[in-house]
Amino acid sequence: MKGLLEIYNTLLNAYGQRHWWPAKTPFEMMLGAILTQNTTWMNVEKAIRNFGELLSPEFISSISNDELAQLIRPSGYYNQKAIKLKAFTQWFERYSYDVEKAIQMNGQFLRTELLAVKGVGCETADSILLYALNKPFFVVDTYTKRILYRLGYDLPNTYDGLRLKIEESIPSDIYLYGEFHALFVEHGKRHCKKTPSCQACPVDAVCKKRIFV
DNA sequence: CTCCAGTCCC
DNA sequence: GGGACGGGAG
């Protein structure tokens with residue numbers, strides 16, 4: 001995908017550094033990745049706030065699904081997500097709830113493990129790998145696909161197809177991956193929405209789907 | 001009333 | 001691939 005790095009620099013210049021992912025601890029980051037599925041981050045923050053000082057894998061594993069569901073209610077899909085958080089925490093127990101232990105493992109191996117967890121799909125797995133486990137997997141989400149499509153890139157039809165195509169187009173670097181994904185999200189929220197608002201769009205000069213007003 | 005940092009099950 | 005899951009903000 002030629003010109004991807006130029007897109008990155010243009011978005012970076014427009015929006016500035018994102019410093020993603022916003023979370024106090026790696027465990028909070030990983031829970032947030034599940035809670036934010038098809039949900040606004042604002043509602044995830046409400047859910048995380050409900051834990052107060054109790055946000056820990058030990059606490060998650062100790063309470064019932066119903067109690068957990070009520071705590072995360074603001075994030076939506078709370079019954080489903082309660083099951084997901086439980087399943088994810090069980091996975092984390094393999095590493096004694098210690099992120100450093102997980103980080104020692106091979107990235108592809110961790111990805112396979114995460115994808116086997118109920119509730120963790122490709123995007124959530126890659127978010128966790130990139131932002132909590134420091135593994136260079138590019139996170140592809142709805143914004144990524146929408147933005148690249150509108151910019152005129154020919155997109156593979158599978159998640160991993162697009163992820164690999166992006167990964168081979170830019171340097172393999174966790175800082176770059178993290179900021180680039182964050183910039184896609186910011187651009188998607190500000191301009192490249194489902195119904196686009198192209199006024200003052202920072203990449204309108206190179207966009208094939210620009211809507212003139 | 002629409003839309004949101006998706007994923008699972010059929 | 002189509003439907004279900006879901007509260008909260010603009």
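Not measured: the values here are computed from a predicted model. In what follows, chains are A, B, ... by sequence order, proteins preceding strands, each numbered from 1.
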Closest-nucleotide 5' rank along DNA chain B - winner of Thr195(A) and Gln80(A): Thr195(A)
Nearest-nucleotide pick for Lys118(A), side chain only, options being dG6(C), dC9(B), dG6(B): dC9(B)
Enclosure of Phe51(A) CZ (heavy-atom neighbours >12, cutoff 6.0 Å): yes
Nearest-Å distance once atom C1' is located in both dC8(B) and dG8(C): 23 Å
Any Lys194(A) side-chain nitrogen or oxygen under 4.0 Å from OP1 or OP2 of dC4(B): yes
Residue-phosphate contact under 4.0 Å: Arg146(A) side-chain N/O, dC4(B) OP1/OP2: yes
Any Lys189(A) side-chain nitrogen or oxygen under 4.0 Å from OP1 or OP2 of dC3(B): no
Presence of donor-acceptor pair under 3.5 Å, side chain of Thr39(A) and base of dG6(C): yes
d(NZ, Lys84(A); P, dC9(B)) in whole Å: 10 Å
Partner of Asp126(A) under side chain to side chain contact (heavy atoms under 4.5 Å, CB included), chosen from Asp141(A), Val120(A), Val139(A), Leu114(A): Val139(A)
Nucleotide dC8(B), atom C1' - distance to CD of Glu123(A) in whole Å: 15 Å
Shared hydrophobic cluster, Val99(A) / Met105(A) (ILVMFWY, side-chain heavy atoms < 4.5 Å): yes
Touch class at under 4.0 angstrom, heavy-atom based, for Thr124(A) against every strand present: sugar-phosphate
Separation of atom CG in Leu35(A) from atom P in dC4(B), rounded to whole Å: 19 Å
Criterion side chain to side chain donor-acceptor pair (under 3.5 Å) against Gln37(A), the qualifying member of Lys81(A), Lys84(A), Glu123(A): Lys84(A)
Below 4.0 Å: OP1/OP2 of dG6(C) and any side-chain N or O of Asn79(A): yes
Sub-6.0 Å ring centroid separation between Phe27(A) and Tyr97(A): no
Out of dC5(C), dG6(B), dG7(C), whichever nucleotide has its closest atom nearest the side chain of Asn38(A): dG6(B)
Mate of dA9(C) where both pairing distances stay under 3.5 Å, Watson-Crick or G-U: dT2(B)
Spacing of Leu68(A) atom CG relative to dG7(C) atom P, expressed in whole Å: 16 Å
Whether His191(A) and His187(A) hold their rings parallel, tilted or perpendicular, with breakpoints at 30° and 60°: tilted
From dG6(B), dG6(C), dG8(C), nucleotide with atom closest to Thr142(A) side chain: dG6(B)
Integer-rounded Å distance: dC5(C) C1' and Lys81(A) NZ: 9 Å
Touch class at under 4.0 angstrom, heavy-atom based, for Val140(A) against every strand present: nothing
Residue met sooner reading DNA chain C from 5', once Lys46(A) and Gln37(A) are mapped to nucleotides: Gln37(A)
Proximal nucleotide (of dC5(C), dG7(C), dG10(C)) relative to the Thr40(A) side chain: dG7(C)
Minimum-distance nucleotide (side-chain atoms of Pro74(A) versus dC8(B), dG8(C), dG6(B)): dG8(C)
Whole angstrom value for the distance that separates P of dG6(B) from CD1 of Ile128(A): 14 Å
is_close_aromatic(Phe184(A), Phe180(A)), centroid dist under 6.0 Å: yes
Base-pairing assignment for dT7(B) (Watson-Crick or G-U wobble, both under 3.5 Å): dA4(C)
Given dT7(B), dC9(B), dG6(C), the nucleotide with the shortest approach to the side chain of Tyr77(A): dG6(C)
Interatomic distance where CH2 belongs to Trp41(A) and P belongs to dG10(C) [whole Å]: 17 Å
Rounded interatomic separation in angstrom, taking CG from Leu85(A) and P from dC8(B): 13 Å
Sugar-phosphate only, base, or nothing, as touched by Val139(A) at under 4.0 Å among non-hydrogen atoms: nothing
P atoms of dG6(C) and dC1(B), separation to the nearest Å: 22 Å
